[in-house]
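Below is one structure, written out as structure tokens; comments come after it.
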Amino acid sequence: MTDECLRRRWDEAWAELGLEPAEELFDEVIAGWREQHRAYHNIEHLSRCLELAAEHRGLQERPAEVDLALFFHDAIYSTTRFDNEERSAEWAEEALRDAGGDDVVAARVRDLVLVTAHPSTPSTVDEAVVLDIDLAVLGDDDAGFERFQRAVRTEYSWVPSFLFNMQRRKVLRSFLDAGPIYHTAPFRPLEERARANLERALRA
């Protein structure tokens, strides 16, 4: 997705909510997605999420809030911290309030960002959509899933292999043990392949 397309989706989401964010906010959010250490949680991941959101617009109760949550969901991402989702959610909530959004809207967007802290159980339709979009990569074909795995390893290249493998097994196992991976009808066909990908990764 080009910068122009990203900017258009950003502007349309804010306009749909009747809000006007600080002019520099878009550049700040996109700069986060373009940080050098990102190999998977990068602008390509954001673009894919937004494309899936557009494809499944009919599922959503508040599409503008879904789009903004996707813009913010990994806007803050450090491999040395464990609170990236919380910090990204706080940024989103603050941005909504600064732009004139009321507390209810700001809280909903915050919660949409927080649901991407896996494993999660969504409590609204839009949370289910955001979660399924974020986890769509788990149901990719073999080559796509392997690219995802390699990209995550690259992001954590500073972690020794034995420690990375131990922690990665815990993460992958958590997806399998948390119940259904996908919660909306269009994504449920990915469930079987996602579980096969995760099982194969665990065996490796």
Side-chain angles (χ1 to χ4, degrees), residues 32-33 37-42 44-53 56 59-60 65-93 107-140 144-156 159 163-204:
W33 286 98
H37 67 277
R38 297 170 182 246
Y40 173 72
H41 298 87
N42 55 21
E44 286 78 19
H45 173 57
L46 171 61
S47 295
R48 185 184 185 191
C49 286
L50 290 169
E51 288 164 359
L52 286 170
H56 299 292
L59 296 176
Q60 301 160 37
E65 294 178 13
V66 168
D67 274 6
L68 289 180
L70 292 173
F71 269 106
F72 278 99
H73 82 281
D74 282 321
I76 295 176
Y77 182 75
S78 169
T79 59
T80 63
R81 300 185 62 134
F82 299 95
D83 60 348
N84 292 309
E85 291 85 4
E86 289 81 1
R87 294 166 69 211
S88 296
E90 288 172 3
W91 189 10
E93 184 176 22
R108 279 200 302 261
V109 175
R110 176 200 65 210
D111 290 345
L112 289 174
V113 175
L114 286 175
V115 81
T116 64
H118 312 299
S120 299
T121 301
S123 59
T124 69
V125 170
D126 285 349
E127 286 181 13
V129 172
V130 168
L131 186 57
D132 285 0
I133 286 171
D134 193 36
L135 295 183
V137 66
L138 300 183
D140 271 0
F145 183 78
E146 290 306 317
R147 284 194 299 273
F148 160 67
Q149 287 281 86
R150 289 194 300 271
V152 172
R153 183 64 182 106
T154 298
E155 290 180 340
Y156 287 87
V159 179
L163 183 57
F164 175 84
N165 290 336
M166 180 178 66
Q167 294 300 323
R168 190 64 178 159
R169 275 194 289 270
K170 290 180 181 178
V171 171
L172 298 177
R173 175 56 61 185
S174 72
F175 288 122
L176 289 170
D177 293 345
I181 296 170
Y182 301 106
H183 302 272
T184 62
F187 290 89
R188 287 191 189 111
L190 299 179
E191 184 82 22
E192 183 176 354
R193 190 162 61 196
R195 289 186 171 274
N197 284 338
L198 291 168
E199 292 284 6
R200 186 176 69 255
L202 284 168
R203 289 194 299 273

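Model, not experiment: these values are computed from the prediction.
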E127 pairs by side chain to side chain contact (heavy atoms under 4.5 Å, CB included) with which of V129, V125, V130, T124? T124

Any side-chain to backbone donor/acceptor pair from S174 onto V171? Under 3.5 Å, distance only. yes

Could you work out, with salt bridge (charged side-chain N to carboxylate O under 4.0 Å, His left out) as the rule, every residue matching R150, not counting sequence neighbours? none

Are side-chain heavy atoms of R81 and E86 found at a separation under 4.5 Å? no

Strictly distance-based, threshold 3.5 Å: is any side-chain N or O of N84 a donor or acceptor partner for the main-chain N or O of S78? yes

Go through the side-chain N and O atoms of D134 and T116 and say whether any donor and acceptor fall under 3.5 Å apart. no

A128 and P122 have their tightest heavy-atom pair at N-CB, 3.4 Å

Here the ring-ring contact (aromatic ring centres under 6.0 Å, His included) pairs for residues 167-204, sequence neighbours left out, are H56-F187, H118-F175

Looking at every heavy atom in both H73 and C49, which two are closest together, and how far apart are they? CE1-SG, 4.0 Å

Kindly write out the residues that satisfy side-chain hydrogen bond (donor to acceptor under 3.5 Å, both in side chains) with Q149, not counting sequence neighbours, or none if the list is empty. R168

Within the side chain of E155, is there an N or O that forms a donor-acceptor pair under 3.5 Å with the backbone of T79? no

May I ask you to decide if the ring planes of H41 and H45 are parallel, tilted or perpendicular, using 30° and 60° as cut-offs? perpendicular

Close side-chain approach of Q167 to Y156, heavy-atom, < 4.5 Å: no

Should R147 and Y40 count as side-chain neighbours, where that means a heavy-atom distance under 4.5 Å? no

Please report the shortest heavy-atom distance between A69 and V113, naming the atom on each side. O-CG2, 3.7 Å

